[in-house]
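See structure below.
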Amino acid sequence: MPVDASLTLLILDLVGVYFFAVSGSLLAARQRFDLVGSLLLACVAGLGGGVVRDLVLGAGPPVVFTQPLYLVPPVVAVVTVYFISASVRRYNRLLVVFDAAGLALFCVSGTLIGLNAHQHPVAAALLGVTTAVGGGLLRDVIANVTPTLFDQREFYAIPAFVGAALTVAAESAGLLQGVAAIVIAALVFGLRVAGRRLRWSIPLASRNVVD
């Protein structure tokens, strides 16, 4: 992989870690956790999806354990959230925005890492989705809230699938440069936020479910 491409991928990954880590710290603040709990949720949200991805690839220890640089974004995220003064309602809005940004960047970077590991395009796309939703899923489970991934009212996994598929298509066509990756991530971010605001939802597992 060219140096410029490697640098772009590293930046996408680190920025994605930061955004997801902020979402973890925001959830910790909403749940009234202390700073240790905030750091834990920040690390789980920011690094969890990448760790799962690297374990699936089986290419050695997860990158977070070999590159300490990945530990910096969660720490910065905790400090950022600590100095934010906002109501719980404001925390909810910020959480959606930062979570959407992390989702967007991770579905692109995760897919690219899968492709660079010579995975089949479909497998690479699934790795991208896993990277995108894994951290958020672990974050919500640890915080004892309904995982966003399983909430019928949340338009969550579909944007990640769209972003991963577009990343595979653009890479296969030789069109995935830095700008293209950002455009795809922006589209995923827009879909996630629009889905939340317009209340898009996925049909329930059974149409005959009774409350």
Side-chain angles (χ1 to χ4, degrees), residues 12 16 19-24 26-28 30-31 41 44-46 48-53 55-56 88-115 119-172 176 180-211:
L12 283 174
F19 282 132
F20 257 135
V22 169
S23 78
L26 285 170
L27 181 56
R30 192 180 73 183
Q31 299 294 93
L41 277 192
V44 168
V51 169
V52 173
R53 175 201 64 215
L55 290 175
V56 170
V88 171
R89 187 174 182 181
R90 180 64 173 168
Y91 277 135
N92 290 340
R93 292 175 180 174
L94 285 174
L95 197 156
V96 171
V97 170
F98 280 95
D99 184 73
L103 185 83
L105 292 170
F106 269 3
C107 74
V108 175
S109 66
T111 302
L112 283 175
I113 289 172
L115 291 172
Q119 297 296 305
H120 185 278
V122 174
L126 290 175
L127 279 173
V129 174
T130 299
T131 307
V133 305
L137 176 61
L138 293 172
R139 173 200 66 206
D140 295 343
V141 169
I142 291 175
N144 196 30
V145 299
T146 300
T148 305
L149 178 62
F150 301 139
D151 193 337
Q152 188 258 349
R153 298 166 298 177
E154 298 284 356
F155 195 68
Y156 197 67
I158 298 300
F161 275 108
V162 170
L166 288 176
T167 301
V168 167
E171 178 69 10
S172 299
L176 193 63
I182 293 174
V183 169
I184 293 173
L187 174 62
V188 174
F189 176 84
L191 285 174
R192 166 69 178 124
V193 173
R196 177 62 183 263
R197 292 193 175 182
L198 300 178
R199 298 183 179 179
W200 295 343
S201 61
I202 306 299
L204 293 173
S206 172
R207 64 179 180 178
N208 296 319
V209 172
V210 178
D211 294 332

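Computed from a predicted model, the values in this text were never measured in an experiment. If you read the sequence from its start, that first residue is 1, and numbering goes on from there.
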To the nearest 0.5 Å, tell me how far [X] [atom1] sits from [Y] [atom2].
{"X": "I182", "Y": "L187", "atom1": "CD1", "atom2": "CG", "result": "14.0 Å"}
{"X": "L149", "Y": "E154", "atom1": "CG", "atom2": "CD", "result": "10.5 Å"}
{"X": "I184", "Y": "T167", "atom1": "CD1", "atom2": "OG1", "result": "4.0 Å"}
{"X": "L94", "Y": "L27", "atom1": "CG", "atom2": "CG", "result": "13.0 Å"}
{"X": "W200", "Y": "I158", "atom1": "CH2", "atom2": "CD1", "result": "11.5 Å"}
{"X": "R153", "Y": "R199", "atom1": "CZ", "atom2": "CZ", "result": "10.0 Å"}

Exercise. Quick one: salt bridge (Lys or Arg N to Asp or Glu O under 4.0 Å) partners of E171, sequence neighbours excluded?
Worked result: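 Checked E171 against salt bridge (Lys or Arg N to Asp or Glu O under 4.0 Å); zero matches.
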Looking only at non-hydrogen atoms, find the nearest pair between [X] and [Y] and report the distance.
{"X": "L26", "Y": "L95", "result": "CD1-N, 3.6 Å"}
{"X": "L12", "Y": "S109", "result": "CB-CB, 4.2 Å"}
{"X": "T111", "Y": "A164", "result": "OG1-CB, 3.4 Å"}
{"X": "G163", "Y": "V188", "result": "CA-CG2, 3.4 Å"}
{"X": "P147", "Y": "L137", "result": "CB-CD1, 3.6 Å"}
{"X": "L191", "Y": "F155", "result": "O-CD2, 3.7 Å"}

Anything under 3.5 Å between a donor and an acceptor, one on a side chain of residues 96-108, the other on a protein residue two or more places apart or in another chain? List them.
{"unit_1": "D99", "atom_1": "OD1", "unit_2": "R139", "atom_2": "NH1", "d": "2.8"}
{"unit_1": "D99", "atom_1": "OD1", "unit_2": "R139", "atom_2": "NH2", "d": "3.4"}
{"unit_1": "D99", "atom_1": "OD1", "unit_2": "Y156", "atom_2": "OH", "d": "3.2"}
{"unit_1": "D99", "atom_1": "OD2", "unit_2": "Y156", "atom_2": "OH", "d": "3.1"}

Check: residues 122-135 side-chain donor-acceptor pairs under 3.5 Å, at least two apart:
{"unit_1": "T130", "atom_1": "OG1", "unit_2": "L126", "atom_2": "O", "d": "2.8"}
{"unit_1": "T131", "atom_1": "OG1", "unit_2": "L127", "atom_2": "O", "d": "2.7"}

Exercise. Is the closest side-chain heavy-atom distance between Q31 and L41 below 4.5 Å?
Worked result: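 A side-chain contact is absent here, since even the closest heavy-atom pair is not under 4.5 Å.
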